[in-house]
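Order of the sequence lines sets the chain letters (A, B, ...), proteins ahead of strands, with each chain counted from 1. Note that the structure is a prediction, hence the values are computed from the model and not measured.
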Amino acid sequence: MQREIPTVYSPESIEPRWARYWVEEKLYRPSDAAATSGSRFSLSLPPPNITGSLHMGHMLEHTEIDILMRWHRMCGENVLWLPGMDHASISTQMIVERELGREALPDLVGPQARRTWQREGQRRRLEMGPEKFLDRCWQWKEQNGDTIRRQMERLGASVDWTRARFTMDPAYSRAVIEVFVRLHEEGLIYRGQYIVNWCPRCGTAVSDLEVAHEDRPGHLWYIRYPFEDGKDYITVATTRPETMLGDTAVAVNPADNRYREMIGRKVVLPLMNRAIPVIGDEFVDPQFGTGAVKVTPAHDPNDFAIGMRHDLPRVTVIDFEAQMTREAGPYAGLSREKAREAVVRDLSAAGLLEKTEDYKLSVSICERCKTIVEPLLSMQWFLKMQPLATAAIRAVEDGRIRVVPENSRKIYLDWMYRIHDWCISRQLWWGHRIPAWHCEACNEIVVSREAPKSCPKCQGSALRQDPDVLDTWFSSGLWPFATLGWPEQTEDLKRFYPNDLMIMGFDILFFWAARMIMLGLKFTSDVPFRELYIHALVRDAERQKMSKTKGNVIDPIEITEKYGTDAVRFALASSAAPGTDIAFSDDKVQSHRNFANKIWNAARFILMNFANMTDPALRHLAAALKPVPIVGFDAVPSRDSGLGARGSREFGNEELRTDEPRTEKLLVDHWMFSRLADVTRDMNESLAKYHFHEAAYTIYHFFWHEFCDWYLEWVKPEITRPPEELARRTKASAAAINLARVFEAALHLLHPFMPFITEELWHQLPRAGDQRSISLTGFALVNPRAADPVSEKQFETIQEVIVAARNIKAEMGLHKEKPSAQVASEDTRLLELFRAHQEPILRLAGLEAMNFVRGRLPADASPMPLTSGCDLRLFYERAIEPAAERARLEREAAKLKQQLEQAERQLANESFRSRAPHDVVAGVERRRAELANQSQRIAESLARLGGSTGSATQG
RNA sequence: GGGCGAUUAACUCAGCGGUAGAGUGCUACCUUCACACGGUAGAAGUCAGAGGUUCGAAUCCUCUAUCGCCCACCA
């Protein structure tokens with residue numbers, strides 16, 4: 001009559017079903033404003049880019065967030081986890097271009113294909129024009145956004161889909177424009193011609209953060225610039241000789257005696273035959289190169305600054321395609337690389353190349369396409385950072401925003417102190433258009449929320465909107481408040497802002513966190529989030545970064561389909577120690593798949609026995625198993641006991657169900673409930689510190705090695721009795737009730753980590769409640785303060801006897817055979833404890849019988865002394881090899897001796913006694929006493945064994 | 001040029017002042033009516049090296065070595 005449940009857990013048979021269910025039931029919408037007075041917990045998902053599908057980094061991030069969200073929800077808080085996606089301006093534009101290229105040239109293969117598609121796609125984009133191209137981008141967004149959404153659903157993210165946002169939603173875009181206009185009105189946004197990082201391949205300016213640096217071997221060329229009078233020359237050193245074509249000065253340090261006299265004189269720029277001045281500027285380092293530097297204001301940020309100070313002309317010799325301009329004279333039209341070769345060749349021919357040295361230089365490359373970035377003079381929009389950064393620094397310094405781990409906080413602050421203005425315009429099409437209009441008649445620029453009808457200056461009606469779009473991070477910087485309806489003062493904004501927590505990877509700390517903090521403080525007068533947790537990176541088994549080119553990418557969906565979402569989540573969580581990157585591997589997931597299987601089978605065992613409950617004789621038992629209405633998140637009374645930094649409630653803070661019929665508890669139940677309390681408390685503490693690995697390990701160990709290995713085994717005979725017997729025996733029915741409670745509690749503790757299997761099993765428990773999901777039930781099972789150290793100690797004593805007996809058995813070579821045991825102790829209460837639990841001890845240790853001796857064992861016995869103060873001895877019909885017996889005792893004695901000596905050494909040390917804390921000294925004293933006692937008894941045992949032929953056994 | 005992290009059992013990693021831990025792997029035994037994706041027992045570590053602080057150091061400090069990361073407008 002047992003229910004059919006497969007022995008091997010197959011996650012694929014339940015996970016997709018629950019994933020759908022959670023979304024369709026809209027389970028994770030926070031309850032209505034009217035219904036809640038208690039605390040809330042809000043977090044906005046870092047919006048994935050619509051450029052691709054989710055990778056393991058996302059899965060780690062979503063898993064960590066989901067664990068915390070489910071946990072807070074089960075603590076009775078009103079939780080909002082708001083999802084969404086980012087339009088990812090430049091990334092998306094590039095991908096859509098590549099798609100266009102792929103369509104045009106479908107037959108290409110190999111590593112070159114990507115680059116060719118990109119080039120072709122870019123050409124086709126320009127050909128088709130903005131309107132058609134943006135249509136393609138929107139199509140891409142629809143498709144990919146949907147993929148990402150399905151993936152998140154499959155991974156069990158408990159987000160509120162009804163509040164999903166996209167950074168280019170109309171309402172969101174209005175917020176972006178609002179922010180731009182206000183910043184402009186305040187003079188924080190300005191437009192100007194400055195040196196920017198220009199990617200010639202992407203055809204746009206990029207910010208400092210989007211530029212990567214790479215050390216590459218290069219050269220330092222020493223070039224002679226002859227003075228006008230032809231009598232002398234000055235030698236400059238450069239790594240970029242082609243830029244000399246745009247030089248407008250040579251600079252030396254005014255304090256440098258070698259050159260002081262030359263300041264004010266003019267040299268002739270070689271190849272160009274242009275006279276340029278020698279100037280003095282503090283910036284020049286006399287130690288470097290020759291101490292004289294060529295100045296190219298149009299192509300180097302430092303030179304630009306020097307040029308500003310000395311009012312030098314700016315000669316642009318390299319254009320936006322990285323080709324030489326007309327200003328480059330004979331070199332016009334050459335690429336920058338070809339121009340370099342030609343310039344070096346010509347200088348050499350002219351005898352002006354003094355020497356060439358090998359030199360390791362740091363090259364700036366475009367983060368996205370790896371093209372060498374060209375510092376170019378260009379008209380762009382900038383955001384002044386200083387005023388915004390000041391507030392953002394203060395918020396972190398005074399703790400209004402807590403950054404975890406501490407290390408990230410320092411890095412954030414360092415960066416903030418040295419912040420530069422932010423170039424926010426991009427020469428791209430996909431993104432938020434800059435709300436500025438240029439008057440074609442008078443060149444006036446109008447920044448406005450709406451397209452102006454006419455030019456306010458000349459009344460002209462020919463106005464053209466600025467073609468540029470905003471850096472994608474400008475809009476994502478508004479994420480925590482723009483998603484809640486800002487600038488309207490919406491109900492959501494009032495209820496869920498500031499967010500309680502933000503979680504992201506280190507790689508976007510500056511890109512995103514810093515900008516959110518600055519813009520949040522600026523526009524809401526409040527921090528965007530109270531805490532910022534920086535998670536680790538997921539690497540492959542060899543600790544390599546996962547990347548497509550290396551081919552070591554693990555796809556979350558693939559591995560999820562192979563082992564189950566729960567297993568992958570648990571594997572990630574159990575490796576997620578703050579500040580440490582995760583080496584992720586199949587093996588790790590496999591071992592947690594095994595854990596899921598263990599849970600499944602424990603449940604299978606329990607549920608098979610609960611199938612009995614349909615028997616009319618057991619109706620009272622079934623009734624007792626039905627949970628009392630579990631406290632849902634709407635109904636939890638507010639409570640001020642603290643969890644973590646902000647005093648939210650604790651998981652499992654409710655009293656043990658007191659309104660149910662009292663059930664008798666065995667020692668094992670007391671032990672189990674006490675452990676449950678310990679575990680609950682430990683998990684609360686770990687999760688409050690973002691120690692996911694600790695919390696995961698705690699519940700893993702509890703479930704497997706305490707609940708399954710000991711508790712379940714211990715109560716097995718009680719709960720597997722036939723119904724009629726179960727009905728008669730109160731002890732058995734109490735065991736069943738207690739087991740059901742512990743199991744349900746364990747499911748709750750596991751749920752944030754393994755939402756699918758726990759949801760499934762929870763629904764299979766006999767129950768009357770109408771709760772729709774375990775995740776919506778408060779945790780009303782265990783009080784973490786209900787620990788019971790006395791019961792724990794007693795149970796541990798019994799465990800010690802059982803383990804020791806198994807150990808001796810194994811060493812005696814007795815496997816299926818059942819020896820008998822003798823336990824001797826002076827402590828009658830100890831013997832009483834064992835006698836009272838004789839049945840499970842014999843069963844779990846695999847013993848035939850047991851007898852108890854008060855005092856010492858007879859002289860011919862050589863027992864095993866245990867820490868709890870008793871001597872254990874096993875005997876079996878055939879003789880035990882005395883040599884083996886002695887070996888074991890001697891080994892034990894040696895170990896004890898070593899430990900004892902250490903304790904004695906410590907206690908003999910006068911300064912230890914006087915300086916160490918009292919409890920530590922007392923602890924060591926206690927330990928020494930125990931060790932001495934045990935050593936003594938072991939010595940006696942050895943003495944009884946006598947010489948090597950001594951017989952210590954009896955039939 | 002600055003800054004940071006890592007080095008602990010064969011492998012992957014926890015622990016970060018008070019008796020060295022886990023998972024995987026390994027050895028022996030067990031197909032006992034939840035689970036062999038299992039059970040029981042076990043072997044396995046000068047906690048990179050050298051100094052120092054401390055009653056006490058894997059844990060704190062200094063240096064060294066090896067590996068890795070981030071930031072940086074030194075031509």
So which nucleotide from [options] ends up closest to the side chain of [X]?
X       : options                : value
V284(A) : A75(B), C13(B), A34(B) : A75(B)
V293(A) : A14(B), G18(B), A75(B) : A75(B)
F506(A) : G18(B), C29(B), C70(B) : C70(B)
K598(A) : C35(B), U19(B), A75(B) : C35(B)
H705(A) : G23(B), A72(B), U40(B) : G23(B)
H213(A) : C37(B), A72(B), C30(B) : A72(B)
H693(A) : A72(B), A75(B), G15(B) : G15(B)
M608(A) : A34(B), C30(B), A41(B) : A34(B)
N407(A) : G18(B), C4(B), U24(B)  : C4(B)

With sugar-phosphate meaning primed atoms plus P, OP1 and OP2, does [X] contact a base, only sugar-phosphate, or nothing at under 4.0 Å between heavy atoms?
X       : answer
R604(A) : sugar-phosphate
P917(A) : base
F283(A) : base

* Is the base of U40(B) touched by the side chain of R806(A) through a donor-acceptor pair closer than 3.5 angstrom? -> no
* So, are R891(A) and E811(A) salt-bridged, with charged N and O less than 4.0 Å apart? -> yes
